[in-house]
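Beneath this line is the structure, given in structure tokens, with notes to follow.
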Amino acid sequence: MEKDIEALREDYRKMNKSCFILGASGETGKELLKEIVASKLFSRVTLIGRRRLPLEEEPYKEVAQEVVDFEKLEEFSAAFQGHDVGFCCLGTTKAKAGEAGFIRVDHDYVLKSAELAKAGGCTHFNLESSKGADKSSSFLYLRVKGQVEADVEELGFERYTIFRPAVLLCDRRESRPTEWLAKKMLSPISYMFPTAYSVPMATLVRAMLHNAVLPGDKKVELLENKEIHALGKVGEAKK
């Protein structure tokens with residue numbers, strides 16, 4: 001599998017594909033950007049966000065940035081033009097934004113961005129969702145995640161990949177007490193059952209990129225936590 005991935009990555013580079021990242025200021029987005037730049041899989045990388053990020057290091061000098069107002073996304077449709085692949089890592093919490101704000105970011109912003117990306121020529125849309133996402137759930141977080149998964153699917157991308165990671169293992173700069181408590185409680189369980197309740201952030205982003213270079217045989221792909229672990233671990237020993 002490792003040899004196959006390396007060959008696929010090399011072939012993918014020759015396609016000169018471009019990509020955009022939504023949510024590059026968040027933990028997943030930052031790690032994804034780092035991995036994308038290091039892998040050189042894309043000929044052009046664009047960050048779409050509400051503010052410019054201070055990317056002064058040499059490896060990031062070719063990364064383009066488009067600043068948009070998510071409340072008026074229609075006015076920024078040009079930012080979504082001409083990208084082959086899209087990675088959406090947008091997200092907030094009810095504690096930070098309130099219930100209405102959470103729905104607006106995790107559903108409305110995501111869906112509108114996907115609509116503009118589709119109209120702009122994006123053929124492969126990747127969505128970071130959550131383990132347990134279900135539009136019929138009684139829990140707001142899981143219900144909103146499940147609903148946006150379904151709504152984006154209706155747009156009919158040539159290829160649409162949903163990633164449903166469990167608790168993400170990383171050192172967040174942003175304080176999320178509930179997530180911190182979950183990590184502490186799950187630590188011994190994660191040690192015994194590493195693919196069941198958590199996943200390292202680096203493993204998730206590697207899975208995203210490995211999946212991108214794999215030939216897609218389905219219009220809609222759903223990767224649960226166990227599949228994310230398996231795909232993200234490929235080639236890890238070389239890191």
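Just so you know, these numbers come straight off a predicted model, no measurement behind them. We use all heavy atoms of the structure for the numbers below, so side chains are in, but hydrogens, waters and symmetry mates are not.
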Minimum heavy-atom distance between [X] and [Y], given as atom pair plus value:
{"X": "Cys122", "Y": "Gly86", "answer": "SG-N, 3.6 Å"}
{"X": "Ala79", "Y": "Ile48", "answer": "O-CD1, 3.4 Å"}
{"X": "Val105", "Y": "Thr92", "answer": "CB-CG2, 3.7 Å"}
{"X": "Ser198", "Y": "Ala166", "answer": "N-CB, 3.6 Å"}
{"X": "Val199", "Y": "Pro165", "answer": "CG1-CB, 3.7 Å"}
{"X": "Ala133", "Y": "Gly146", "answer": "CB-N, 3.8 Å"}

Side-chain ion pair, Glu115 and Lys112, N-O less than 4.0 Å: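 Counted as a salt bridge, because a side-chain N and a carboxylate O are separated by less than 4.0 Å.
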
Just verifying a value: how many Å separate [X] [atom1] and [Y] [atom2], rounded to the nearest 0.5 Å?
{"X": "Ile21", "Y": "Leu32", "atom1": "CD1", "atom2": "CG", "result": "4.5 Å"}
{"X": "Asn126", "Y": "Tyr160", "atom1": "CG", "atom2": "OH", "result": "10.0 Å"}
{"X": "Glu224", "Y": "Ile162", "atom1": "CD", "atom2": "CD1", "result": "9.5 Å"}
{"X": "Leu116", "Y": "Phe76", "atom1": "CG", "atom2": "CZ", "result": "11.0 Å"}
{"X": "Ser25", "Y": "Leu47", "atom1": "OG", "atom2": "CG", "result": "9.5 Å"}

Geometric class of the Phe80/Phe20 ring pair [parallel <30°, tilted 30-60°, perpendicular >60°]: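 Ring orientation, 0 to 90° scale: perpendicular.
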
Does [X] have any side chain to side chain contact (heavy atoms under 4.5 Å, CB included) partners at least two apart in sequence or in another chain, and if so, which?
{"X": "Ala202", "answer": "Glu31, Arg206"}
{"X": "Asp11", "answer": "Lys14"}
{"X": "Ala207", "answer": "Ile228, Leu231"}
{"X": "Glu99", "answer": "Lys94, Ile103, Leu140"}

For the residue pair [X] and [Y], establish whether any side-chain heavy-atom pair is separated by less than 4.5 Å.
{"X": "Phe125", "Y": "Phe87", "value": "no"}
{"X": "Ser130", "Y": "Leu142", "value": "yes"}
{"X": "Cys19", "Y": "His83", "value": "no"}
{"X": "Ser113", "Y": "Leu73", "value": "yes"}
{"X": "Phe163", "Y": "Met208", "value": "yes"}
{"X": "Lys96", "Y": "Thr93", "value": "yes"}

Pairing residues for Tyr109 by the ring-ring contact (aromatic ring centres under 6.0 Å, His included) criterion, not counting sequence neighbours: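 Tyr109: ring-ring contact (aromatic ring centres under 6.0 Å, His included) contacts with Phe70.
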
Residues forming a salt bridge (Lys or Arg N to Asp or Glu O under 4.0 Å) with Glu10, sequence neighbours excluded: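 Once residues adjacent in sequence are excluded, the partners of Glu10 under the salt bridge (Lys or Arg N to Asp or Glu O under 4.0 Å) criterion are Arg13.
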
Side chain to side chain donor-acceptor pair (under 3.5 Å) involving Asp108 - partner list, sequence neighbours excluded: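 Partners of Asp108 by the side chain to side chain donor-acceptor pair (under 3.5 Å) criterion come out as none, since no residue qualifies.
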
Side chain to side chain donor-acceptor pair (under 3.5 Å) against Glu75, all qualifying residues, sequence neighbours excluded: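 Result, side chain to side chain donor-acceptor pair (under 3.5 Å) vs Glu75: none returned.
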
Test side-chain contact (heavy atoms from CB on, under 4.5 Å) applied to His107 and Asp151, step by step: CA-CA 9 Å; His107 180 275; Asp151 290 345; 2.7 Å; yes

Hydrophobic cluster identity match, Ile5 and Val85, side-chain contacts under 4.5 Å: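 Yes, because Ile5 and Val85 connect within a single hydrophobic cluster, where side-chain heavy atoms sit under 4.5 Å apart.
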
Common cluster, Leu127/Val220, ILVMFWY with side-chain heavy-atom separation under 4.5 Å: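 Yes, because Leu127 and Val220 connect within a single hydrophobic cluster, where side-chain heavy atoms sit under 4.5 Å apart.
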
Donor-acceptor contact present, side-chain Lys219 to main-chain Phe157, <3.5 Å: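 Flag set: sc Lys219 to bb Phe157 pair under 3.5 Å.
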
Residue pairs involving residues 140-149 (criterion salt bridge (Lys or Arg N to Asp or Glu O under 4.0 Å); sequence neighbours excluded):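 Output for this query lists Asp106-Lys145, Glu149-Arg164.
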
Enumerate, atom names and distances included, each donor-acceptor pair closer than 3.5 Å involving a side-chain atom of residues 37-44, sequence neighbours excluded.
{"unit_1": "Ser39", "atom_1": "OG", "unit_2": "Glu35", "atom_2": "O", "d": "3.1"}
{"unit_1": "Ser39", "atom_1": "OG", "unit_2": "Ile36", "atom_2": "O", "d": "2.9"}
{"unit_1": "Ser39", "atom_1": "OG", "unit_2": "Leu41", "atom_2": "N", "d": "3.4"}
{"unit_1": "Ser43", "atom_1": "OG", "unit_2": "Asn16", "atom_2": "O", "d": "3.1"}
{"unit_1": "Ser43", "atom_1": "OG", "unit_2": "Lys17", "atom_2": "O", "d": "3.2"}
{"unit_1": "Arg44", "atom_1": "NH2", "unit_2": "Gly82", "atom_2": "O", "d": "2.7"}

Could you pull out all donor-acceptor pairs under 3.5 Å where a side-chain atom in residues 209-218 meets a protein atom, sequence neighbours excluded?
{"unit_1": "His210", "atom_1": "NE2", "unit_2": "Val234", "atom_2": "O", "d": "3.1"}
{"unit_1": "Asn211", "atom_1": "ND2", "unit_2": "Thr161", "atom_2": "OG1", "d": "3.4"}
{"unit_1": "Asn211", "atom_1": "ND2", "unit_2": "Glu221", "atom_2": "OE1", "d": "3.3"}

From CA spacing to verdict: side-chain contact (heavy atoms from CB on, under 4.5 Å), Thr46, Glu66: CA-CA 7 Å; Thr46 301; Glu66 294 282 354; 3.7 Å; yes

side-chain contact (heavy atoms from CB on, under 4.5 Å) assessment of Leu111 paired with Val152: CA-CA 6 Å; Leu111 181 58; Val152 171; 4.1 Å; yes

Using atom types as modelled, flag every donor-acceptor pair under 3.5 Å from a side chain in residues 50-63 to any protein atom, sequence neighbours excluded.
{"unit_1": "Glu58", "atom_1": "OE2", "unit_2": "Lys61", "atom_2": "NZ", "d": "2.8"}

Distance-only side-chain donor-acceptor flag, Asp84 / His124, under 3.5 Å: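 Their side chains do not contain a donor-acceptor pair, so the 3.5 Å distance test is not met.
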
